[in-house]
Amino acid sequence: MSGIFGWSYPPGCSGTPWDEDRPCDVCGKDVDRCICPECPVCGCQGDPQCYDTENGHGLVKSPEQVESLRVEMDKWEALANAEADYWTARDREEARP
């Protein structure tokens with residue numbers, strides 16, 4: 001089925017998973033809460049390439065950025081573990097006679 005734009009999502013679907021904003025690659029926060037400074041060379045915010053020592057723009061991660069990324073990664077890991085535990089428990093329940 002084709003919509004007025006040449007494509008159409010199924011009912012109840014407003015986009016693909018890739019349409020969602022990803023967290024910042026440098027500080028790990030959502031894009032609207034990013035604590036990274038704007039790069040004085042290219043104007044980007046939260047671009048890891050700006051922090052690259054060889055080919056980057058000379059930005060240096062602040063202790064706050066490093067800690068923020070660690071905290072966010074810990075949250076992601078805890079969420080992934082909880083989800084895995086849920087599915088493991090669910091599979092065990094379904095396997096019971």
Side-chain angles (χ1 to χ4, degrees):
M1 177 187 281
S2 180
I4 62 171
F5 300 111
W7 48 265
S8 180
Y9 292 118
C13 183
S14 61
T16 69
W18 302 277
D19 292 340
E20 297 175 11
D21 287 333
R22 293 187 46 211
C24 174
D25 290 329
V26 177
C27 71
K29 293 187 179 290
D30 292 333
V31 188
D32 58 339
R33 294 181 25 236
C34 179
I35 60 171
C36 298
E38 189 175 288
C39 177
V41 177
C42 68
C44 290
Q45 182 179 10
D47 185 348
Q49 293 181 355
C50 296
Y51 295 85
D52 184 13
T53 54
E54 288 184 28
N55 301 318
H57 298 150
L59 288 179
V60 176
K61 293 178 188 174
S62 71
E64 184 181 14
Q65 287 171 296
V66 173
E67 178 62 12
S68 175
L69 182 59
R70 186 195 64 74
V71 167
E72 295 300 323
M73 288 179 73
D74 286 349
K75 287 180 191 176
W76 300 330
E77 184 178 358
L79 183 62
N81 289 338
E83 187 174 345
D85 290 346
Y86 167 79
W87 289 110
T88 300
R90 185 169 178 235
D91 290 344
R92 285 186 190 141
E93 274 295 315
E94 290 178 356
R96 285 188 180 168

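Atom set for the values below is all heavy atoms of this structure, side chains included, hydrogens, waters and symmetry mates excluded.
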Residue list, salt bridge (charged side-chain N to carboxylate O under 4.0 Å, His left out) with R90, at least two apart or on another chain: E94
4.5 Å side-chain heavy-atom contact, L59 and C36: no
Residue pairs fulfilling side chain to side chain donor-acceptor pair (under 3.5 Å) with at least one residue in residues 26-45, sequence neighbours excluded: none
Which residues share a side chain to side chain donor-acceptor pair (under 3.5 Å) with D25, sequence neighbours left out: R22
Check: C24 and V31 side chains under 4.5 Å, non-hydrogen atoms: no
Remaining members of hydrophobic cluster (4.5 Å side-chain criterion), M73: L69, W76
Criterion side chain to side chain contact (heavy atoms under 4.5 Å, CB included) on C50 and V41, from CA distance to verdict: CA-CA 9 Å; C50 296; V41 177; over 6 Å; no
Qualifying side chain to side chain donor-acceptor pair (under 3.5 Å) pairs with a residue from residues 46-68, counting only residues at least two apart or across chains: Y51-Q65, S62-Q65, E67-R70
Determine all donor-acceptor pairs shorter than 3.5 Å in which one atom belongs to a side chain in residues 80-88; sequence neighbours excluded.
residue : atom : partner : partner atom : Å
N81     : ND2  : E77     : O            : 3.3
T88     : OG1  : A84     : O            : 2.8

